[in-house]
Amino acid sequence: MEATLFIHLSLAAILQRVLSASVTVDKEVVSSIGRGILVFAAVAPGDTRKEAENLAAKVVKLKLWDDDAGGRWKRSVRDIDGEILCVSQFTLLASLKKGNKPDFHGAAGGEEAKTLYEYFFEKVQQGYAPDKVQNGVFQAMMEVALVNDGPVTLELSVVPKSDAKAEPMTLPMSTPSN
């Protein structure tokens with residue numbers, strides 16, 4: 001028995017609650033933040049502006065901090081007047097299904113990825129405050145330093161409700177034997 005699944009790898013992000021984070025390129029610090037969120041984001045082929053908008057809104061609204069009364073997971077980065085550092089990272093969409101060498105075909109190529117990543121970054125700025133949102137350097141070899149707070153690390157992705165561009169994947173299904 002086989003089942004066919006339609007899988008579209010989509011815009012994905014790893015969020016880390018941090019006490020501080022910075023990006024260095026060619027031995028020069030290009031951006032840094034204090035308390036807030038470090039976002040590693042990757043764009044997949046076929047991702048849309050709508051998915052970028054949804055992910056940006058989630059980053060800004062996500063409740064990662066306790067409130068003053070000790071209530072867990074009650075305050076967002078906006079609520080604590082924190083900062084956000086966004087870093088493009090296509091390696092989030094790597095596949096290891098063919099062995100030990102990463103395959104990056106699940107990540108969008110140069111211009112497509114850059115255009116949508118920059119749109120995502122703009123939406124994060126618009127959803128919060130431009131002066132509180134910093135950026136890495138797209139396609140640069142970056143050194144990312146951080147002091148994780150918690151640690152709190154979350155994986156987010158935005159999956160479209162219906163995806164006509166999804167690739168079918170046929171998987172063998174076993175039936176229970178009694």
Side-chain angles (χ1 to χ4, degrees), residues 5-25 29-33 36-64 76-77 82-128 133-161 163 165-169 171:
L5 300 175
F6 288 87
I7 296 176
H8 167 107
L9 293 177
S10 67
L11 197 65
I14 299 291
L15 275 66
Q16 295 187 308
R17 187 176 75 182
V18 297
L19 296 174
S20 63
S22 64
V23 172
T24 300
V25 176
V29 175
V30 295
S31 56
S32 65
I33 63 168
I37 301 173
L38 172 60
V39 181
F40 294 104
V43 177
D47 282 345
T48 66
R49 291 168 69 94
K50 183 67 174 163
E51 291 164 350
E53 291 166 5
N54 291 343
L55 186 61
K58 183 70 83 174
V59 166
V60 173
K61 294 176 183 176
L62 197 60
K63 308 282 188 189
L64 296 177
S76 69
V77 68
E83 297 174 285
I84 301 171
L85 174 56
C86 297
V87 176
S88 63
Q89 187 176 353
F90 74 95
T91 60
L92 290 177
L93 296 174
S95 170
L96 294 172
K97 67 182 176 185
K98 292 184 180 178
N100 295 320
K101 182 180 176 187
D103 175 333
F104 299 108
H105 287 95
E111 278 310 307
E112 177 188 4
K114 183 176 183 179
T115 300
L116 197 57
Y117 172 79
E118 287 176 351
Y119 182 74
F120 162 76
F121 176 73
E122 290 170 13
K123 287 300 178 184
V124 173
Q125 286 184 309
Q126 290 172 9
Y128 186 31
V133 182
Q134 303 297 313
N135 202 0
V137 179
F138 191 86
Q139 287 186 328
M141 182 60 80
M142 295 177 272
E143 295 175 19
V144 180
L146 68 126
V147 177
N148 206 318
D149 181 15
V152 174
T153 302
L154 301 173
E155 180 179 349
L156 297 179
S157 62
V158 179
V159 180
K161 290 182 179 157
D163 192 346
K165 297 178 186 175
E167 293 293 322
M169 177 185 282
L171 300 172

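With a 4.5 Å cut-off on side-chain heavy atoms, Y119 and E53 count as touching. At a threshold of 4.5 Å between non-hydrogen side-chain atoms, the residues V18 and D149 do not count as touching. By the 4.5 Å heavy-atom criterion applied to side chains, Q139 and F90 are not counted as neighbours. With contacts defined as side-chain heavy-atom distances shorter than 4.5 Å, the pair L154/L62 qualifies. Within the 4.5 Å cutoff, the side chain of S88 has no heavy atoms near those of the F121 side chain. Within the 4.5 Å cutoff, side-chain heavy atoms of I14 are placed close to those of T153. Contact check for M142 versus T24: no side-chain heavy atoms found under the 4.5 Å cut-off. For the pair S32 and V23, the minimum side-chain heavy-atom distance is 4.5 Å or more.
In this structure, the side chain of N54 does not engage the main chain of K58 through any donor-acceptor pair within 3.5 Å. Distance alone, capped at 3.5 Å, places no donor-acceptor pair between the Y128 side chain and the V59 backbone. In terms of modelled atom types and a separation under 3.5 Å, the side chain of E112 and the main chain of G46 share a donor-acceptor contact. Counting only distance, with no hydrogens or angles, the side chain of S95 and the backbone of D103 share no donor-acceptor pair below 3.5 Å.
Minimum heavy-atom separation, D47 to A42: OD2-O, 4.5 Å. Across all non-hydrogen atoms, the minimal contact from S31 to Q134 is CB-CB, 3.8 Å. Taking every heavy atom of both residues into account, P102 and A94 meet most closely at CB-CB, 4.2 Å. Closest of all the heavy-atom pairs between L55 and A13 is CD2-CB, 4.0 Å. Between A113 and A108 the shortest heavy-atom distance is CB-O, 3.6 Å. In plain terms, the two heavy atoms of N148 and P151 that are nearest each other are OD1-CA, 3.4 Å.
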Practice task
Begin with the C-alpha distance, continue with both residues' side-chain angles, and end with the deciding distance and a verdict on side chain to side chain contact (heavy atoms under 4.5 Å, CB included) for F120 and V43.
Solution key: CA-CA 10 Å; F120 162 76; V43 177; over 6 Å; no
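Enclosure of atom NZ in K63 by more than 12 non-hydrogen atoms of other residues, nucleotides or ligands within 6.0 angstrom is indicated.
Atom CD in E155 sits 10.5 Å away from atom CG in L15 (nearest 0.5 Å). In this structure, CG on L93 lies 10.0 Å from CZ on F104, to the nearest 0.5 angstrom. One distance of note links CD1 of I37 with OG of S76; it measures 8.0 Å at 0.5 Å rounding. If you take SG on C86 and NZ on K123, they are separated by 14.0 Å, rounding to the nearest 0.5 Å. Rounding to the nearest 0.5 Å places CD of Q16 at 11.5 Å from CG of L64. We find the CG-CG distance between L92 and L11 to be 10.0 Å, quoted to the nearest 0.5 Å.
Checked against I84 for a side-chain contact (heavy atoms from CB on, under 4.5 Å), the options V77, I33, N135 give a single hit: V77.
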